[in-house]
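Comments concern the structure below.
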Amino acid sequence: MKHITDFTIVCREQLGKHYFALTLRHPDLLPPIAAGQFVEVEVRNCREVMLRRPISIHDVDSSANTLTLLVQIVGNGTRQLATLNEGDTLNLIYPLGHGFSLLGNNPLLVGGGAGIAPLLYLAKCYNDRGVRPTILLGGRTKELIPVREAFEPYGKVLYSTEDGSLGEKGLVTQHSLFFAPYDHICTCGPTPMMKAVGRYAVEKGIPCEVSLENMMACGIGACLCCVTDTVDGHKCVCKEGPVFDVTKLADFLENK
Amino acid sequence: MNRAHTKKVTLLVLIFNLTVVNLSTKIHNITLKNPVMTASGTFGYGEEFADFIDLSRLGGIIVKGTTGERRQGNPYPRMAETPSGMLNAVGLQNVGVETFCREVYPRIKDIDTKIFVNVSGSSIEEYCHVAEMIDELDNIPGIELNISCPNVKKGGMGFGTNPDMAAQVVRAVRQVYHKTLIVKLTPNVTSVVDIAKAVEQAGADSVSLINTLLGMAIDVERQRPYLSTITGGLSGPCVKPVAVRMVWQVAHAVQIPVVGLGGISTAADALEFLMAGAKAIEVGTANFLDPTVTVKIVEGLEDYCQRHHIDDINDIIGII
């Protein structure tokens, strides 16, 4: 069941210049949340912003009734959210969308930039199933991989940076351990990265789930603005996604 | 009104000696429990909002624009945020009338509110075909004929911008559709009054206005339009003054009831339309920002009437 409710910000952490994390607490127990689901955040006091902003759920602590959002500052909405402080309230519609399947016994999670956000909670959910994933995080530079240590208890963490400032130099799809025999791949990040990961997975016959981030208005499948083309026609990324089996997406793997 | 709510109201009336407010209004021969309805294309089939509100609190639900065949709509991107508003170019993506009747209708027919179907098409034949099929559905007391969608290449707004064309499609649908016929008008015309009069003459039981305003936005960094279709329909608080003005003009020019919409997000917004002459209102884009907004508007109307000692909402309709 989806909810609309106020949370209180209990922790705000700046992560380099471009990212920050907000940990939000609710007085009541949180509903079940699947890895890969997201929230629609209300942006107050910003003339340019009317619509809510969809933000993926980075972490959940059910025992503390908290969830954490990892936010990249990209425009007016996220810039306004960056001004919030501990003690402020934030109105959320959540949990939204369709998450990852948690299939596979030797999964690879590939994240780039802000796309690493859902992978922390995803890694934790795999651990709850007794599966330790391999987590490959990429960015142009070390600073653009905003969360690193938090992943380490939950799997084998690998890094790729284009400037070589952390881990192997190059793209995630050039990492030496990208080619290990995984039985499932989950990816979230820039579209060209997800396409490259998806193409490799399809070529090797490895099931692959990608998390899309189309522009949204409602977040609940009412406005039909955020559609992506699938083998079954247009589907709402907010409702039928954001996580899709890559083979169900039409034209996604084509190089364009 | 559900039982718990009725009980609560009775209790409040007893304790605070409040006026019992009548919020019920009539559109043609349909009695709405209150004037608050939802605008087509912003509320799905209602089901999407059932987690957030009790749908039986609403005066009516106008479900997604429905065409003769299933439609994919326009390619992504089909939405752009603009100051106090948004542009959309969804382009009537819908399951088609047959699937609607077979699969959707059974799921929603027992929601305790008035459900209208927004009927769209590319030709007079298509409008008639859809209207005829909806006519068969017992729990759908009316349709909203959409001759004003700006986002389809054929039909849609093409019918709604010319009084003769508008009258022609309404006359044809009137022949095959026997229940309440609301005609949704576009603001993208020189004189909305002329169109409203033409459809009234042709047999419409009511008019609703305004559909979205044709607009455009350009991403200057990428040097291209935000929408795949270049132009789209503008909605949200930014269009409200235009909508209030048009509702006021039309309400003074026709005898049939007017349904007002365009940028309504609060009870005060709704009251502007009612005072301008609308017998009912539709909430659209605001549903995207707050899925509970419709119920807040119903409660706000009740509160307003209490504060102003108005015991019947109809007393303020058309006072301007």
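Each chain gets a letter, A, B and so on, in the order the sequences are listed, and its residues count up from 1. Here the structure is a predicted model, which means the values were calculated and not measured.
In this structure, the portion of A/Asp232 lying under 4.5 Å from any heavy atom of chain B is its backbone and not its side chain. Proximity to chain B (any heavy atom under 4.5 Å) is restricted, for A/Glu48, to the backbone atoms N, CA, C and O. For B/Thr292, the part lying near chain A is the side chain, with the backbone staying farther off; criterion is any non-hydrogen pair under 4.5 Å.
Residue with the most contacts toward chain B among A/Cys226, A/Cys223, A/Gly221: A/Cys223 (heavy-atom pairs, distance under 4.5 Å).
Atom CG of B/Asn34 sits about 7.5 Å away from atom CG of B/Leu32, to the nearest 0.5 Å. Note that the OG1 atom of B/Thr67 and the CG atom of B/Asn94 stand 3.5 Å from one another [nearest 0.5 Å].
Under a 4.0 Å N-O distance rule, the pair B/Glu48/B/Lys64 does not qualify as a salt bridge. A salt bridge does not link A/Arg140 with A/Asp163: every distance from a Lys NZ or Arg NE/NH1/NH2 to an Asp or Glu carboxylate oxygen is 4.0 Å or more. Taking a cutoff of 4.0 Å between a charged side-chain nitrogen and a carboxylate oxygen, B/Arg57 and B/Glu299 qualify as a salt bridge. Between B/Arg70 and B/Glu98 no salt bridge is recorded (no basic side-chain N to carboxylate O distance below 4.0 Å).
Checking A/Thr161 against A/Thr141 by side-chain atom types alone, no donor-acceptor pair falls below 3.5 Å. For the residue pair B/Asn146/B/Ser120, the side-chain donor-acceptor check at 3.5 Å is satisfied. Of the N and O atoms on the side chains of B/Asn211 and B/Ser148, at least one donor lies less than 3.5 Å from an acceptor on the other residue.
By a heavy-atom distance cut of under 4.5 Å, not one residue of residues 17-39 of chain A is near chain B. Residues of residues 78-102 of chain A lying within less than 4.5 angstrom of chain B, judged on heavy atoms, are A/Ile93 in numerical order.
Looking at every heavy atom in both residues, B/Val293 comes nearest to B/Ser265 through CG2-O, 3.3 Å.
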- Run the salt bridge (charged side-chain N to carboxylate O under 4.0 Å, His left out) check on B/Glu69 and B/Arg71 step by step: do they pass? CA-CA 6 Å; B/Glu69 302 293 329; B/Arg71 288 200 192 186; over 6 Å; no

